[in-house]
Protein chains: 2
Amino acid sequence: MTDVATGKQRQRSFVSAQQVAALAGVSRSAVSRTFTDGASVSESTRARVMEAAEALGYHVNHLARGLIHDQSNIVSLVVTDINTPYQARMIDALTSRLQRAEKVAMVINTSGQAESVEKALRQTLQYRADATIVLSGQPAGSLIQTCLNNGQHVIMVNRDDPVPGPDTIIVTNRTAAREAFAQLQAAGCRKIAVVASEVGTASVVTREQAFVAAATEAGVAVQVMRYGPTAYASGAEIARRLLAGADRPDGAFCVTDLLACGFMDTARNSFGLSIPEDLCVIGFDDIEQAGWSSFNLTTFRQPIEQIAERIVGLLQGPPPPSTRREPIRFQAELVWRNSVRGKPV
Amino acid sequence: MTDVATGKQRQRSFVSAQQVAALAGVSRSAVSRTFTDGASVSESTRARVMEAAEALGYHVNHLARGLIHDQSNIVSLVVTDINTPYQARMIDALTSRLQRAEKVAMVINTSGQAESVEKALRQTLQYRADATIVLSGQPAGSLIQTCLNNGQHVIMVNRDDPVPGPDTIIVTNRTAAREAFAQLQAAGCRKIAVVASEVGTASVVTREQAFVAAATEAGVAVQVMRYGPTAYASGAEIARRLLAGADRPDGAFCVTDLLACGFMDTARNSFGLSIPEDLCVIGFDDIEQAGWSSFNLTTFRQPIEQIAERIVGLLQGPPPPSTRREPIRFQAELVWRNSVRGKPV
DNA sequence: GGGAAACTTGCACAGCTGTGCAAACCTGTC
DNA sequence: GACAGGTTTGCACAGCTGTGCAAGTTTCCC
């Protein structure tokens with residue numbers, strides 16, 4: 001393969017504007033202007049440049065472009081448990097919208113050991129990402145601060161660190177959890193349990209606490225059981241422990257749909273219970289599986305599409321000042337299916 | 001905030017090596033060498049540099065670094081249907097391993113309209129990604145060719161375009177599908193159906209065809225039904241159509257676990273069938289839900305972790321020559337659960 | 001035809017880094 | 001103290017782009 005412009009033997013590698021310019025017989029500036037919106041190029045040279053670019057397979061080097069503007073158009077997504085239905089949907093929604101906004105998503109997986117999280121987050125800075133979207137509970141506040149200091153736009157989802165600077169998006173976990181209690185009580189549940197995990201993710205903890213608070217206010221005692229990670233297997237294990245006892249609960253609030261799935265499956269398959277007749281269950285998140293006919297889980301829907309829309313919207317403007325801002329709230333909507341007796345109140 | 005080095009008012013923005021050098025009282029080269037493996041710096045200046053870097057919050061600019069070396073350390077993942085359990089697991093496995101290998105993953109979501117796919121793939125090139133990993137059936141071969149021409153390392157997973165150049169990874173769909181037939185036959189199924197989608201993804205098509213071929217060889221007629229996308233709802237719809245007839249099938253090979261879940265749920269909940277007594281089901285992929293006790297689905301496990309390991313391994317070396325290479329094969333292992341009568345043969 | 005106005009184009013610099021090269025420095029030996 | 005050999009350091013250039021500025025070109029109007 002020979003380089004058309006220089007005549008030298010060309011390694012398979014990226015084409016530069018220089019080479020396009022040489023082939024088109026114009027200056028490099030003309031090439032640059034052809035690919036810059038709003039720059040002044042005559043129609044004829046633009047055409048020549050485009051033809052040459054096409055022929056050589058030229059693509060503007062965004063690394064160099066990012067060097068000049070203070071904008072890389074890279075947005076980094078800091079995520080744990082990507083293989084979880086909720087997170088996967090979030091990533092799907094975000095990446096497709098980011099693309100539509102001419103940005104590109106860099107995924108930082110914080111599932112590994114904490115030390116690697118720090119290294120990964122550093123990558124965000126090293127690639128001069130314009131923004132960091134934190135979907136994970138992991139990275140410490142101090143690391144977030146570093147991002148802010150470097151002028152990054154930081155958006156945190158479902159975390160409630162009281163740091164000034166980042167935009168914060170939260171779903172009304174508290175309200176929803178209280179509503180969950182009201183529904184279970186209306187369904188006539190006498191003995192209510194809260195199914196939670198041992199992982200102290202902000203939203204999960206909030207849901208548990210708010211539910212317990214609502215129960216306490218109503219003068220009802222509830223049994224809280226936490227176990228393992230926030231996953232199907234944990235819900236199953238909790239069911240095994242909770243339902244084996246003499247006075248088993250007849251209502252359960254699972255802080256996550258995944259926990260609910262494990263809980264329901266075990267309740268039915270290992271204990272022969274019918275849902276909702278013997279046991280009412282409410283979950284949270286409205287993951288796809290909640291709608292499957294074997295679960296038919298009553299749950300709270302997180303408006304993921306709207307959240308993603310809003311996040312990408314926030315990214316359009318210039319990064320905001322580093323003052324404390326009110327969190328942006330989204331309502332979690334009750335999705336009534338068939339895992340609770342009766343009708344919603 | 002005032003810049004320690006220059007004394008000027010500093011916009012919140014990224015720190016450059018120049019500023020670190022000024023603060024540390026050394027040349028910029030010294031800073032560069034401090035952050036370059038194997039470069040020659042005395043212990044004392046390294047310490048001074050590190051201190052200054054720490055104070056200012058310096059991070060090497062990978063955009064500029066990538067400009068010099070022909071290496072950005074960016075790997076782009078081209079993916080459809082991220083919110084699907086199989087893809088989500090793949091992304092999880094890949095991103096965490098890429099991070100460990102000091103690379104970073106850029107996710108290109110090709111779920112949108114085809115036109116956006118092309119634009120998205122162009123991003124891969126514009127950011128000078130070292131490699132492109134294609135997990136999606138979407139992008140046309142010609143686009144892939146462009147990546148190759150630019151010297152990118154392209155790795156395709158579960159596609160069988162006969163293009164020379166890319167590394168190809170395939171799971172032994174054919175073998176597994178034949179084994180599926182053998183198992184259903186051994187379980188005594190008389191009337192066997194294939195549950196598939198209308199989306200012509202390579203692996204899905206291969207599984208269907210190989211199964212049918214095996215049946216034909218054995219002189220058994222099977223009924224193939226394709227419907228909609230490769231999702232739960234499609235499996236459910238196919239069950240509704242297939243099981244309503246007079247002579248309903250008593251065995252089904254679902255080309256995907258998701259289809260299988262929908263199929264099973266509908267078979268049980270809408271038609272009152274018992275699995276495996278009335279109906280044997282085999283799936284493919286071994287997604288998490290296949291192991292849930294309400295499904296207990298016999299299926300074929302794709303060795304995702306090993307595949308990811310291998311992919312990242314391929315990325316370590318220099319990009320290979322653009323000759324046709326033999327695809328790298330992985331065995332899909334039968335996972336026997338309880339959706340087929342009897343024992344595996 | 002002439003001149004003003006608008007447009008186009010090339011030059012040269014900036015943005016941030018890595019690195020070859022030569023100069024400067026240090027260490028140790030005679 | 002001189003010198004050889006090794007280590008460290010700074011200079012200057014390269015890599016690819018965007019853009020202000022001035023020069024060149026076209027357009028248009030009188």
Side-chain angles (χ1 to χ4, degrees), chain A residues 3 5-6 8 10-11 13-22 24-49 52-53 56-74 125-129 150-151, chain B residues 3 5-6 8 10-11 13-22 24-49 52-53 56-74 125-129 150-151:
Chain A
D3 191 313
T6 66
K8 286 190 305 187
R10 170 155 66 97
Q11 311 282 47
S13 79
F14 289 100
V15 179
S16 78
Q18 191 62 260
Q19 300 171 31
V20 177
V26 297
S27 81
R28 198 185 51 68
S29 310
V31 178
S32 177
R33 291 195 171 97
T34 300
F35 290 96
T36 306
D37 283 352
S40 158
V41 211
S42 75
E43 210 41 64
S44 71
T45 64
R46 150 169 274 127
R48 278 225 303 280
V49 168
L56 294 174
Y58 172 70
H59 296 268
V60 178
N61 188 333
H62 272 36
L63 302 179
R65 184 176 266 186
L67 214 52
I68 299 201
H69 308 131
D70 250 353
Q71 260 219 335
S72 60
N73 279 336
I74 296 174
L125 296 167
Q126 289 174 331
Y127 283 98
R128 299 305 192 246
N150 282 296
Chain B
D3 191 313
T6 67
K8 287 190 305 186
R10 170 155 66 96
Q11 311 282 49
S13 79
F14 288 99
V15 179
S16 78
Q18 190 63 259
Q19 300 171 32
V20 177
V26 297
S27 81
R28 198 185 50 69
S29 310
V31 177
S32 177
R33 288 195 241 269
T34 298
F35 289 96
T36 306
D37 283 353
S40 155
V41 212
S42 74
E43 209 43 61
S44 71
T45 63
R46 149 169 274 127
R48 279 226 302 281
V49 168
L56 294 174
Y58 172 70
H59 296 268
V60 178
N61 188 335
H62 272 37
L63 302 180
R65 184 178 267 186
L67 214 51
I68 298 201
H69 308 130
D70 250 354
Q71 260 220 334
S72 60
N73 279 336
I74 295 174
L125 295 167
Q126 288 174 332
Y127 283 99
R128 300 304 192 249
N150 282 295

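In what follows, every chain begins at residue 1, and chains take the letters A, B, ... in the order their sequences are listed.
- Atom CZ of residue B/R128 and atom NE2 of residue A/H59 lie 8.0 Å apart, to the nearest 0.5 angstrom.
- Evaluation of the side-chain hydrogen bond (donor to acceptor under 3.5 Å, both in side chains) rule for B/T34 yields no partner, not counting sequence neighbours.
- Checked against side-chain hydrogen bond (donor to acceptor under 3.5 Å, both in side chains), B/S29 has no partners two or more places apart in sequence or in another chain.
- Legend: residues meeting side-chain hydrogen bond (donor to acceptor under 3.5 Å, both in side chains) with A/S42, ordered by chain and number and at least two apart, are A/S44, A/T45.
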Q. Can you give one letter per nucleotide of nucleotides 12-25 of chain D, going 5' to 3': B for a protein heavy atom under 4.0 Å from the base, S for sugar-phosphate only, - for none?
A. B--BBBBBBB----

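- Here B/S40 pairs with nothing under the side-chain hydrogen bond (donor to acceptor under 3.5 Å, both in side chains) rule; sequence neighbours left out.
- In the helix from C/dG1-D/dC30 to C/dC30-D/dG1, the terminal helix axes, each the rotation mapping four pairs' C1' atoms onto the next four within five end pairs, subtend 40°, rounded to 10°.
- A search for side-chain contact (heavy atoms from CB on, under 4.5 Å) contacts involving B/A129 returns B/I74, B/S76, B/T124, B/Q152, not counting sequence neighbours.
- Residue A/S42 places no side-chain N or O under 4.0 Å from the OP1 or OP2 atom of C/dT8.
- In terms of the ring-ring contact (aromatic ring centres under 6.0 Å, His included) criterion, residue partners of A/H62 (sequence neighbours excluded) are, by chain and number, B/Y127.
- Between B/S27 and D/dT9 there is no side-chain N or O to OP1 or OP2 distance below 4.0 Å.
- Taking the side-chain contact (heavy atoms from CB on, under 4.5 Å) definition, one finds that B/A47 meets it with nothing, sequence neighbours left out.
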